[in-house]
Amino acid sequence: MPAAGVRTENRTNDEHKTDRSVITTVTGATNSTINYVAYAEGIIEIGLEFGLSEKDILERLQNKLNISLQAAQDYMERFGK
């Protein structure tokens with residue numbers, strides 16, 4: 001049963017006049033960020049387990065996640081210990 005004020009047939013929330021597509025977009029962006037961090041952590045963890053150099057791990061982070069060197073270094077600092 002929908003919460004009070006939610007009109008499922010028109011995909012809007014009457015109380016806040018928010019279109020469902022906006023909510024879906026924001027939720028998707030949030031989930032992408034969460035998954036990005038999880039992927040970075042996994043790449044680093046597995047890279048270290050297999051004896052890859054920090055340089056190789058940074059390159060993998062950049063290529064797999066399409067991020068800058070600085071972002072890759074930030075992830076390495078966070079998860080590489």
Side-chain angles (χ1 to χ4, degrees):
M1 172 178 234
V6 175
R7 294 179 57 200
T8 55
E9 65 275 4
N10 289 337
R11 299 173 38 157
T12 61
N13 180 307
D14 289 337
E15 181 181 352
H16 300 289
K17 302 293 184 212
T18 305
D19 187 85
R20 185 173 180 187
S21 65
V22 173
I23 295 169
T24 303
T25 301
V26 171
T27 303
T30 302
N31 288 338
S32 295
T33 302
I34 292 169
N35 290 337
Y36 230 47
V37 173
Y39 288 136
E41 185 176 15
I43 290 168
I44 293 167
E45 182 179 327
I46 291 169
L48 291 172
E49 284 180 15
F50 283 93
L52 295 179
S53 69
E54 182 174 328
K55 179 181 179 262
D56 288 339
I57 295 171
L58 290 172
E59 287 176 2
R60 285 179 184 267
L61 287 168
Q62 288 178 276
N63 292 333
K64 295 288 185 180
L65 302 179
N66 195 28
I67 59 175
S68 68
L69 175 59
Q70 181 61 52
Q73 290 170 329
D74 291 344
Y75 282 128
M76 193 68 184
E77 177 71 25
R78 183 172 176 187
F79 300 118
K81 297 179 179 182

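Note on V37 and I46: separate hydrophobic clusters, where clusters join Ile, Leu, Val, Met, Phe, Trp and Tyr whose side-chain heavy atoms are under 4.5 Å apart, directly or indirectly. If you chain together hydrophobic residues whose side chains sit under 4.5 Å apart, I57 and Y39 fall into the same group.
Between the CD1 atom of I44 and the CG atom of L61 there is a distance of 5.0 Å, given to the nearest 0.5 Å.
Contact check for M76 versus L48: side-chain heavy atoms found under the 4.5 Å cut-off. For the pair I43 and Y75, the minimum side-chain heavy-atom distance is 4.5 Å or more.
In this structure L69 satisfies the side chain to side chain contact (heavy atoms under 4.5 Å, CB included) test together with L58, Q62, Q73, sequence neighbours excluded. Annotation: side chain to side chain contact (heavy atoms under 4.5 Å, CB included) contacts of E49 (sequence neighbours excluded): E45.
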